[in-house]
Amino acid sequence: MSGIAKYNEKESFEDWKKTWEIEDRYNFRTIEKKWQKIWEDEKIYHVDIDKNKEKFYALVEFPYPSGAGLHVGHPRSYTALDVISRKKRMQGFNVLYPIGFDAFGLPAENYAIKTGIHPAVSTKANIENFTRQLKSIGLSFDWDRCISTCDPEYYKWTQWMFIQLFKHNMAYKGKMAINWCPECKVGLANEEVVNGCCERCGAPVVRKNKEQWIVAITKYADRLIDDLKDLDFVDRVKAQQINWIGRSEGAELDFEFGDDKLKVFTTRPDTAFGVTYMVLAPEHPFVQKYMNKFENPEEIKAYVEATAKKSELQRSISEEKTGVELKGIKAKNPFNGKMIPVFISDYVLTGYGTGAIMAVPAHDQRDYDFAKAFNLPIIQVLAGGDISEKAWEEDGEHINSEFLNGLNKEDGMKKAIEYAKEHGFGNSKVNFKLRDWIFSRQRYWGEPIPMVYCEKCGWQPLDEKDLPLELPYINDFLPNDEGDSPLAKATDWVNTTCPKCGGHARRETDIMPNWAGSSWYFLRYCDPHNDKEFASKESLDYWMNVDWYNGGMEHTTLHLLYSRFWHKFLYDCGYVNTKEPYKRRTSHGMILASNGEKMSKSRGNVINPDDIVENYGADAFRLYEMFIGPFEQAAMWSDESLMGVYRFVGKVYALFKKVDADIKPSEDDLRAMHKCILEVSERIDQMKFNTAVSSLMTYVNYMSGLNKIPLELYKTLLKLLAPFAPHLAEEMWARCGEKTYIVQESWPVGDKNLAADNTVTIAVQICGKMRGTIEVPMNSANEDVQKVALSLENVKKQIEGKEIRKIIVVPNRIVNIVA
RNA sequence: GGGGGUGUGGCGGAACUGGUAGACGCGCUAGACUCAAAAUCUUGUUGCCUCAGGCAGUGGGAGUUCAAGUCUCCCCACCCCUACCA
């Protein structure tokens, strides 16, 4: 007798049928809780390595446990992969479907500043609440593998990995102008700056120079692009990553400037004969170096200062081109020896290329605008367009360009670079928009960076045996105006000894960004309790790669790129055996309020999953999340539509009354059943969950029309329904007298022959216009179909007196009579 | 400026490699049950007309085809991402 027997309230199908008179409505509240407890007690979703079975690793982005609780958007992704996981299990796969919490982050800390409640306390409470909510919707996670990034047993390995980055010269300390949020008093990565404002609080971001830990992600830029080729990611994710990395090929050229070579990056070295001036970013080192040689230092200094005060936003929205000429020193164009003026302007950015450009106003609109504002010459070097109006940015034959004249773009580029190489003033060069990853945060609630600074030995990593370096418990989380981390106040913790020489040293007081913990969490799921390694080789060999990873589009350029990079680094070090972490990446659309707006506390239009589960049940909630619309597109929440699937749950329950164990399914019954099996199977695989649910509805509607429902038909429905509505399916499965868990049953296999119709309705068209339909046996000969079509009264009437020129018959589809 | 996407009834949305446009659900209509309501079940539901039929119809306009929501070209509208990236 299987373990389930002790939970069965009734022995058999017949016993259950007798109870029907007493309860005629589905009591989802009791029944869902009952099965959730049984599944949990019996560890039905616990999974271990089983080399006799093929593995399947399904992954969803683990949530940040915010105080607001679960959003109805979370279950869209979680239910989708739950459906897929459940189907895969029924198909015999050994499925790993884990969950955890990305538990470090700013909101908990900001909340602490406001209320005095320590982040460790609020985070713990939030995780408990999230756990309760996730369990209430019956997701088949293996809870024994639940992890949290703020757990020292977890972040020990995040710290360990940082040390590996440091040891491989992938992490370095550098003084960089960083994005600084004056409101949060924290440095931000480019990715956290939205429209020049802080992603968290919305305050305008300014530039600030600070010593930062920086991770050299740009060393992987090429591979991050190239390796996308072999991955099954949706196209828009690939496009967005490629765009973000922003690879551009061109040349680096040296222009003489004072005693130096002024380096510029350009994608169009072939337009060098059109250069009429140059521009440096105001932060360019030459500006300070030559300050005492310029004729107008006061003017220059004033401009540099003004730029520094500007926020990213102000700098990017200014329509007018501003700048100051560096009077007294001119640059020499190496191609033609011409002396040209040099300016500083804030339209040239210090972070990209060399922070200096050669300006070709005839063929670049920004340079054109600047040249017009400062009355600079504009020399056309590409034929075409009217440069008295605007810059000509299209292609054209080279003119006014000496040895490049007559060449097209491609040949011009080649020849220009060749020339620069020969004369020793330049070479081809690839540049990326992607910058190195600024890894320091002047905050409290994050992983301490396991580094100490010794006057004698410089920056030293902690000895690995001293990990984890635990976050000290402090109560004052306010950073100061200089931007020193709150940890700087914990002097006992800061003062330590150097791991190398044993002398006095100070700990790093900055913490890691919240993207650190999420960069490798999928590896920890493989072996979450290992205290010797981040995961055993055996577990990684068995479970990796992630077969299917679903998440939001908003993580495409942040988390997804970081974790791919992180994984590649571990691969290069030999710690993981796959060069990419995820085989397949899909993306779900957002769930919006009924008016199409984003759900947010401030708008007061948030739907709480708890209310839905309480009032309609977990199964109805799950079904609705799947039925709401095309999975990859945004969808609007509608309480009315939710009623539709709620009724559907009731119908499935009510059908049981008509189920009969003694009758055999008819040919029509089997046809409806096999159609449904084929459709649901295919549509789950294609993530067309909305139409998968409608197939189930069609099948249920068919059964509603029967006086008696053969048991086999009903049991097949339950199996197909099990991934979507597992509680209902499990309950009715038991009532059918079954002594197994339906979630462990095998997935039905559809038969195309049994699903095929005997007859088809074929449309009859005359000159492409529908004039009627005929019913003929499936796969009838074309001549027979033609004959029937021509015998239609309406057809006769229409073609009377006309000559039939052609008749097109598409088997089982259409007859088109051209007259 | 660059990249990606969307446009179909009153609404959310279906439609495989071009082949009966509107599956499924919501809403609405009429009916059954009820003292009544809710719930449930049954019926109809793209619009228009001279209604056993016909005409129009998938953002707009051209085109290819026996046949276009689907393919090609040109417009329009909206959404998302990104942005002075040389």
- [ ] Would you mind telling me which of B:rC24, B:rC26, B:rC84 lies closest to the side-chain atoms of A:Ser641?
- [x] B:rC26
Task: Nearest-nucleotide comparison on RNA chain B, the residue closer to the 5′ end among A:Val818 and A:Asp364 - done: A:Val818
- [ ] Answer yes or no: does a side-chain N or O of A:Arg268 lie under 4.0 Å from OP1 or OP2 of B:rA86?
- [x] no
- [ ] Provide the distance between the two C1' atoms, one in B:rG54 and one in B:rG61, to the nearest whole Å.
- [x] 27 Å
Open item on the list: List the residues meeting salt bridge (charged side-chain N to carboxylate O under 4.0 Å, His left out) with A:Arg268, not counting sequence neighbours, and say none if there are none.
Closed with: A:Asp270, A:Asp395
Nucleotide N/O of nucleotides 56-59 of chain B paired with protein N/O under 3.5 Å:
residue, atom, partner, partner atom, Å
B:rA56, OP2, A:Lys769, NZ, 3.3

Task: By side chain to side chain contact (heavy atoms under 4.5 Å, CB included) - contacts of A:Ala763 (at least two apart) - done: A:Met770, A:Ile814
TODO: Verify the contact: side-chain N or O of A:Arg647 to OP1 or OP2 of B:rC24, cut-off strictly under 4.0 Å; return yes or no.
DONE: no
Task: A:Phe335 backbone acceptor or donor facing A:Asn333 side chain under 3.5 Å - done: yes
- [ ] Please report the shortest heavy-atom distance between A:Ala692 and A:Phe724, naming the atom on each side.
- [x] CB-CZ, 3.9 Å
TODO: Would you mind telling me which residue lines up with the more 5' stretch of RNA chain B, A:Asn794 or A:Gly353, judged by nearest nucleotide?
DONE: A:Asn794
Open item on the list: Holding to ring pair (Phe, Tyr, Trp, His ring centres under 6.0 Å), I want the full list of residues that pass it with A:Tyr646, two or more places apart in sequence or in another chain.
Closed with: A:Tyr616
Report each atom pair, protein N/O against N/O of nucleotides 2-10 of chain B, whose distance is under 3.5 angstrom.
none

Task: Distance under 6.0 Å and angle within 45° of ring axis: A:Lys321 vs A:Phe370 - done: no
Determine all donor-acceptor pairs shorter than 3.5 Å in which one atom belongs to a side chain in residues 351-358 of chain A; sequence neighbours excluded.
residue, atom, partner, partner atom, Å
A:Tyr352, OH, A:Ser248, OG, 3.0
A:Thr354, OG1, A:Lys263, O, 2.7
A:Thr354, OG1, A:Ala356, N, 3.4
A:Thr354, OG1, A:Ala356, O, 3.3

Task: Interatomic distance at P, B:rC33 relative to B:rA37, whole Å - done: 12 Å
Open item on the list: Taking Watson-Crick (N1-N3 plus N6-O4 or O6-N4) and G-U wobble (N1-O2, O6-N3), each under 3.5 Å, can you produce the dot-bracket string of RNA chain B? Use [ ] for crossing pairs and | for inter-strand ones.
Closed with: (((((((..(((......[....)))((.(((.......))).))((((...))))..(((((..]....))))))))))))....
- [ ] Indicate for each nucleotide in nucleotides 69-80 of chain B, in 5' to 3' sequence, whether protein heavy atoms under 4.0 Å reach the base (B), only the sugar-phosphate (S), or nothing (-).
- [x] ------------
Open item on the list: Could you work out, with salt bridge (charged side-chain N to carboxylate O under 4.0 Å, His left out) as the rule, every residue matching A:Glu597, not counting sequence neighbours?
Closed with: A:Arg603
Task: Partner set under ring pair (Phe, Tyr, Trp, His ring centres under 6.0 Å) for A:Tyr624, not counting sequence neighbours - done: A:Trp637
Task: Pairs involving residues 694-708 of chain A, ordered by first then second residue, that meet salt bridge (Lys or Arg N to Asp or Glu O under 4.0 Å) (sequence neighbours left out) - done: A:Asp660-A:Lys708
- [ ] Would you please confirm or rule out a distance under 4.0 Å between OP1 or OP2 of B:rA86 and any side-chain N or O of A:Ser248?
- [x] yes
Considering only nitrogen or oxygen atoms on both sides, find all protein atoms under 3.5 Å from nucleotides 19-23 of chain B and state each distance.
residue, atom, partner, partner atom, Å
B:rU20, O4, A:Thr761, O, 3.0

